[in-house]
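The structure under discussion appears below in the form of C-alpha cells.
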Amino acid sequence: MTQQVPKERKFSRKLTIALPIVLVITLFLWLVPTSFFGIDGLTVTEQRTIAIFVFAALMWMFEIIPTWTTSVLIIVIMLLTISDSSFSFMKGSGIPAEMGTFVSYKSILATFADPVIMLFLGGFILAIAATKVGMDVQLARVLLKPFGKKSEFVLLGFLLVIGIFSMFMSNTATAAMMLTFLAPVLKTLPPDGKGRIALALAIPIAANLGGIGTPIGTPPNAIAFQYLNDSLHLDVGFGDWSLRMIPYVLVMLFIAWLVLMKLFPFKQKTIELKIEGGREKTWQTYVVWITFAITILLWMSESLTKLNSNVVAMIPVGVFCVTGIITKDDLKEINWSVLWMVAGGFALGLALTATGLAEHLVTSIPFGEWLPIIVILVSGFLGYFISNFISNTAAASLIVPILCAVGVGMGETLDPLGGSKTLLIGAVLCTSLAMLFPISTPPNALAHSTGLVTTKDMTKVGLIIGVIGFVLGYAMLFLIGF
C-alpha cells in the first residue's frame with residue numbers, strides 16, 4: 001500500500017491541476033476568433049482541429065489519462081464536431097467557405113482498421129506464435145550471438161540488427177519482427193532494472209534511424225528520391241544516397257546506444273538466453289518457422305513482389321488461425337489498447353490533412369522572404385514537427401512538393417548550401433527523426449505496447465536523438481553534400 005499512495009497522489013494532481021489547464025487552453029483555442037491565429041482564410045473546422053490537436057498533444061505529453069484513452073476520446077470528439085455526421089449545430093448556419101471542409105465520418109472510423117493496424121496485428125500474432133513454439137529464444141540467440149552476453153553489447157546488437165533490417169524493409173515490419181526477439185531477452189532481466197526500458201526503446205530508435213540509410217528504407221525517402229530525379233532532374237542515385245546516409249545512420253545508432261546506456265543503465269551486467277523446457281519439435285513448430293521465414297522474405301522483397309507489407313502481415317494471421325496454432329484464448333494476449341492508441345494518431349493526421357489545415361499551415365510560411373539557410377532549417381523543423389503527429393509518409397507527401405517548388409523558385413541562391421538536394425533531403429531526414437510520442441511512429445507504438453516505456457521516457461529520448469540527429473544531419477549535408 002505504501003507504494004500505491006504516491007501514484008494515487010500523482011494521478012490526483014494530474015486530474016486536479018493539469019487537466020483543468022489543458023481544458024482551458026483547448027477551450028480558448030476553440031472559442032477565439034479565427035483572426036487570432038494570424039492565418040488568412042482559416043476556417044472554423046481548421047480552428048477546431050487546432051484545438052483538438054493541442055488537446056491531444058498535451059494529454060499525450062502529460063499522460064493525464066492513459067494514452068489509448070486519449071486516442072479514443074479525440075476520435076469521439078472529431079466525430080461529433082468536425083465530421084460530416086457531427087451535431088447539426090456544429091455545422092453552423094454560416095457561409096460554407098468559412099465553415100470549411102468536414103471530414104468523412106467513415107474515414108475517421110476507418111482508422112480503427114487502417115492497413116498499418118493490420119500490420120500491427122500480424123506482428124502481435126507472429127510474436128505470440130513464435131513464443132508458443134520457442135522460436136523467439138532461438139532466433140534471438142542467433143542474431144545476438146556476435147555481440148556476446150554483456151548487457152550493454154546486447155543493446156548495441158539490437159540497435160544494429162534493427163537498423164540494418166530497416167534499411168531494406170518496412171520500419172514497422174522490422175519493429176514487429178524484433179518485438180518477437182525482445183520478449184525472451186526481457187525475461188532474463190530484473191523487473192526493477194532500467195535496462196529493460198533501454199531495450200524496448202532500441203526498437204523504435206533503430207527502426208526510425210535505420211530507414212534513413214537507403215532510398216527505399218522509408219516512404220519519405222522514396223518520395224524525395226522521386227522528386228529529385230523526376231521533377232528536378234538532379235540525378236541522385238541509390239549509391240549516392242546510401243554512401244552518405246549509411247555512415248550517418250551508424251553514427252546515430254552509436255550515439256543512441258550511449259544515450260540509452262546513460263539514461264537507462266542495466267542493473268544486470270550479463271544476458272544469457274535459455275530455452276526453457278526443452279520443447280519438442282512438432283508440426284506446429286515447422287509451420288511457425290516456415291510461415292515466419294516466408295513473411296520476412298516477403299517483407300524484405302516488397303520492391304520485387306509489389307506485395308504491400310501490410311498485406312503480407314495478414315499471412316501469419318490466416319495461417320496460424322486456420323491451423324489452430326493461435327486460439328481464441330491467444331487473441332486475448334494481443335495488446336488491443338495499443339491498436340486503439342495508434343488509431344487515434346491516424347485520426348488526428350486525417351483531420352489535419354482532410355480539413356486542409358496542414359497544407360494551409362505550410363503554404364502560409366513566407367519562404368521567399370527568408371535567407372536560404374533559414375529556409376532549409378525551417379523546412380527540416382517543419383518536417384520534424386509535423387511527423388510527430390501524423391505519419392512521416394503523409395508529412396513528406398505534404399511538404400516535399402511544396403519544397404520542390406520553393407527550391408525552383410529560389411534558384412541559385414540555395415546553391416552555396418547544396419541547392420534543392422539539401423532542401424528536400426534534409427526535410428525528409430527530419431521526418432524520420434520524429435519520435436516524441438507513442439503515436440509518432442508505429443515502431444514507437446510497438447515499444448509502448450511492452451508496458452515498459454512511458455510517454456515521458458519516450459519524449460525525453462526522442463528529443464535528445466532528434467536534436468542530435470538534426471544538427472549532425474545538416475552538418476553532413478552542408479559540409480559533404482550530395
Side-chain angles (χ1 to χ4, degrees), residues 68 106 109-143 162 165 168-187 203 207 275-343 346 442-443 445-451:
W68 71 271
K106 293 181 180 179
L109 290 174
T111 57
F112 282 111
D114 186 273
V116 176
I117 297 289
M118 296 303 105
L119 196 152
F120 272 70
L121 186 63
F124 287 144
I125 291 290
L126 207 57
I128 293 170
T131 301
K132 289 184 75 171
V133 299
M135 189 188 78
D136 55 346
V137 181
Q138 295 177 41
L139 280 177
R141 289 178 70 179
V142 171
L143 285 173
I162 298 169
F165 268 109
F168 303 99
M169 60 186 279
S170 158
N171 295 350
T172 309
T174 302
M177 176 183 71
M178 292 307 297
L179 191 67
T180 304
F181 308 146
L182 180 66
V185 178
L186 293 178
K187 288 180 181 177
I203 291 180
I275 302 177
E276 299 173 3
R279 291 185 177 91
E280 294 182 4
K281 290 184 178 179
T282 64
W283 65 270
Q284 294 178 322
T285 306
Y286 293 108
V287 169
V288 173
W289 275 94
I290 293 170
T291 305
F292 190 94
I294 291 173
T295 303
I296 301 304
L297 286 173
L298 289 175
W299 271 338
M300 295 183 70
S301 58
E302 183 178 348
S303 59
L304 297 175
T305 63
K306 306 303 179 185
L307 275 176
N308 188 277
S309 58
N310 304 319
V311 173
V312 173
M314 294 306 294
I315 293 175
V317 176
V319 172
F320 297 152
C321 289
V322 168
T323 56
I325 294 172
I326 293 294
T327 66
K328 64 179 182 180
D329 290 329
D330 292 322
L331 295 179
K332 298 175 184 177
E333 296 182 29
I334 294 174
N335 200 328
W336 296 101
S337 64
V338 170
L339 302 184
W340 284 27
M341 178 188 69
V342 175
F346 291 156
L446 283 168
H448 194 265
S449 74
T450 62

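Source: prediction; values computed, not measured.
Listed by chain and number, the residues in a salt bridge (charged side-chain N to carboxylate O under 4.0 Å, His left out) with K328 amount to none (sequence neighbours excluded). By the side chain to side chain donor-acceptor pair (under 3.5 Å) test, T327 is found to be paired with D330, residues two or more places apart in sequence or in another chain being considered. For A447, the side chain to side chain contact (heavy atoms under 4.5 Å, CB included) partners at least two apart in sequence or on another chain are P204, M458.
Partner F292 forms a side-chain contact (heavy atoms from CB on, under 4.5 Å) with one of T295, I290, I294, I296 and no other, that one being I296.
Counting all heavy atoms, side chain and backbone alike, W68 lies closest to S337 at CB-O, 3.2 Å. Scanning both residues, T291 and P316, for their nearest heavy atoms gives CG2-CA, 3.8 Å. Considering every non-hydrogen atom in both I325 and K132, the closest pair reads O-NZ, 2.7 Å. Of all heavy-atom pairs spanning I334 and I125, the tightest one is CD1-CD1, 3.8 Å. When every heavy atom of E333 is checked against every heavy atom of I128, the shortest pair comes out as CB-CD1, 4.0 Å. The two residues L446 and A175 have their closest heavy-atom pair at CD1-CB, 3.5 Å.
Remark: F124 CZ to I326 CD1 distance equals 12.5 Å, nearest 0.5 Å. In this structure, CD in Q284 is found 15.5 Å from CH2 in W289, a value given to the nearest 0.5 Å. Interatomic distance, I203 CD1 to L182 CG, rounded to the nearest 0.5 Å: 4.5 Å. Between T111 atom OG1 and L339 atom CG the span is 11.5 Å, to the nearest 0.5 Å.
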Show me the donor-acceptor pairs, under 3.5 Å and distance only, between side chains in residues 115-122 and residues at least two apart or in other chains.
none

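For residues 304-340, every residue pair satisfying the ring-ring contact (aromatic ring centres under 6.0 Å, His included) rule, not counting sequence neighbours, is listed here: F112-W340. Within the structure, side-chain hydrogen bond (donor to acceptor under 3.5 Å, both in side chains) contacts touching residues 310-322 (residues at least two apart or in different chains) are N308-N310.
L179 is listed as a side-chain neighbour of S449, based on a closest heavy-atom distance under 4.5 Å.
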